[in-house]
Amino acid sequence: MSQNNFGEIRVFVEVARRGGFRAAAEHLHQAPASVSEAIQRFEDRLGVRLFERSTRSVALTPIGEQLYTRSLPAVTDLEGALSALDEEKDQVSGRLRLSAPYSAGPFFLDDLLASFAAAYPNVQVEIIYDDKKVDLLTSGIDAAIRSQTMMASDTHAVPVGPELNMTIVAARSYLKDRGTPTHPRDVLEHDAICYAFGRGDRLAPWGFKGPDGSFVMQPKPRLVANDMRSLLHYASRGLGLAYIYREIATPHVANKELVEVLRDHLAPMPRYSINYQSKRHMTRRLRAFIDLAKTQNRLQ
């Protein structure tokens, strides 16, 4: 059914339901003459007379009565759906589906989601931990929390979470056996324990800074995992150098299980961001989540 056809049927139903053109026009916020003309066009297109008209009243013909009886439930259902949509727009409710990498949860996202759920009890929150690239158009995901380098260029992004300071750690036994690197290029001669995005087909590059600015290196991996807890475990077993978030490694360095190397040469990673497809027609629940994230950003 075309939009014009539905408009004609709705006008027809209102005239029949309210018993006249003027009453229907008031309900539809139209001029009585416009309503009368719409009914005339509808009758001309159908080739039948739907109303008997007199100077004092409007009454349905038998064919008009039949059409009214069959079309009224559909129009009523659609009006109810539109009314429910208006109500939903005015409150924060419904289901919010998010995607994020595994590391984001304990790092900052679990606390953010707990605060959001407490503030908006009518929202059902679903978080899917996955490092794969997300198509926001087809996946049913409202927003994806990702590194700025992991999303398509046509998405909108809001920074979230703390700055991502990195470190390279190794066990004392490994450094005693293989030597301690003193320059970023030295990592190319070491066994590397590397983080992989998604299914392991893309390794996270190791970011460094120097006199000419930031640069990356990609040492040859001995072990690859998409969970930083595994990287820590492998490093503590003396299997190589691991490039991981400093915040995650700090307790293991403090208890002397691991040793930091090349600390003054490392560049911070880009912060995570909340990525979403469009600012137009954004749901109130997604807007509320983004606003809360912005508030927490200012507090950090």
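One is the number of the first residue; the rest follow in order along the sequence.
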Item to complete: Check for a donor-acceptor pair, side chain of R222 on one end and backbone N or O of D191 on the other, with a separation under 3.5 Å.
Response: no
- Considering only heavy atoms from C-beta outward, does the side chain of W206 approach that of C194 to under 4.5 Å? yes
Between the main-chain N or O of A24 and the side-chain N or O of R18, is there a donor-acceptor pair closer than 3.5 Å? no
In V158, L109, I145, the residue satisfying side-chain contact (heavy atoms from CB on, under 4.5 Å) with Y272 is I145
In this structure, OG of S99 is separated from CD1 of I127 (nearest 0.5 Å) by 6.5 Å
Please check if the number of heavy atoms outside Q218 that lie under 6.0 Å from its CD is greater than 12. yes
**OP:** For residues M217 and L188, determine if any side-chain heavy atom of one lies less than 4.5 Å from a side-chain heavy atom of the other.
**Re:** yes
query: With a 4.5 Å limit on heavy-atom distance, are the side chains of F108 and P162 in contact?
result: yes
TODO: Look at R271 together with E163 and state whether they make a salt bridge at an N to O cut-off of under 4.0 Å.
DONE: no
With sequence neighbours left out, the residues meeting ring-ring contact (aromatic ring centres under 6.0 Å, His included) with Y174 are H190
Next item on the list: Walk me through it: do V58 and F21 pass the test side chain to side chain contact (heavy atoms under 4.5 Å, CB included)?
Entry: CA-CA 8 Å; V58 173; F21 296 121; 3.8 Å; yes
Could you please spell out the steps behind the side chain to side chain contact (heavy atoms under 4.5 Å, CB included) verdict for E247 and N165?
CA-CA 7 Å; E247 183 171 322; N165 293 311; over 6 Å; no
Crowding at CZ, R229 (>12 non-hydrogen neighbours, <6.0 Å)
no
Donor-acceptor pair, distance only, cut-off 3.5 Å: does the side chain of Y195 make one with the backbone of A242? no
Rounded to the nearest 0.5 Å, the CD atom of E260 sits from the CG atom of L266 at a distance of 8.5 Å
Here the gap from M228 atom CE to S103 atom OG, rounded to the nearest 0.5 Å, amounts to 5.5 Å
Tell me if the centroids of the rings in F208 and H265 come within less than 6.0 Å of each other. no
| task | Apply side chain to side chain contact (heavy atoms under 4.5 Å, CB included) to the pair V259 and V169, showing each step before the final yes or no. | result | CA-CA 5 Å; V259 177; V169 294; over 6 Å; no
For the side chain of E43 and the backbone of R49, is there at least one donor-acceptor N/O pair under 3.5 Å apart? no
>> Using only atom types and a distance under 3.5 Å, with no angle test, would you say the side chain of T180 pairs donor to acceptor with the backbone of L175?
In response: no
From the list V123, D111, L98, D291, side-chain contact (heavy atoms from CB on, under 4.5 Å) partner of F116 resolves to V123
Is a side-chain N or O of D186 found less than 3.5 angstrom from the main chain of T182, in a donor-acceptor match? yes
R185 CZ: over 12 foreign heavy atoms closer than 6.0 Å:
no
| said: Checking E14 against R22 for the salt bridge (Lys or Arg N to Asp or Glu O under 4.0 Å) test, could you report, in this order, the C-alpha distance in whole Å, the side-chain angles of both residues, the deciding distance, and whether it holds? | reply: CA-CA 10 Å; E14 286 304 322; R22 185 172 298 278; over 6 Å; no
Value for CZ (R284) from CG (N122), rounded to nearest 0.5 Å, stands at 12.0 Å
Check: T76 side chain, L72 main-chain N or O, donor-acceptor pair, under 3.5 Å
yes
Any donor-acceptor pair under 3.5 Å linking the side chain of Q277 with the backbone of H156?
-> no
query: In terms of side-chain heavy atoms, does R53 have a donor or acceptor partner in S36 at a distance below 3.5 Å?
result: no
Heavy-atom side-chain contact between I290 and Y276 under 4.5 Å: yes
Is the shortest side-chain heavy-atom distance between V11 and F42 below 4.5 Å? no
- Examine distances only and state if a side-chain atom of D227 and a backbone atom of A225 form a donor-acceptor pair shorter than 3.5 Å. no
Rounded to the nearest 0.5 Å, the CZ atom of R172 sits from the CG atom of D177 at a distance of 15.5 Å
For this session: Run the ring-centre check on Y120 versus F289 and record whether the distance is less than 6.0 Å.
Result: no
**Request:** Quick one: do L67 and L46 satisfy side chain to side chain contact (heavy atoms under 4.5 Å, CB included)? Show the steps, please.
**Result:** CA-CA 11 Å; L67 179 61; L46 295 178; 4.3 Å; yes
Value for CG (L241) from OG1 (T167), rounded to nearest 0.5 Å, stands at 10.5 Å
Would you please indicate yes or no on a ring centroid separation below 6.0 angstrom for Y245 and F107? yes
Does R202 reach the main-chain N or O of A196 with its side chain, forming a donor-acceptor pair under 3.5 Å? no
**Report entry** E8 vs R45, salt bridge (Lys or Arg N to Asp or Glu O under 4.0 Å): CA-CA, chis, key distance, verdict
**Finding:** CA-CA 10 Å; E8 292 173 343; R45 188 170 62 80; 2.9 Å; yes
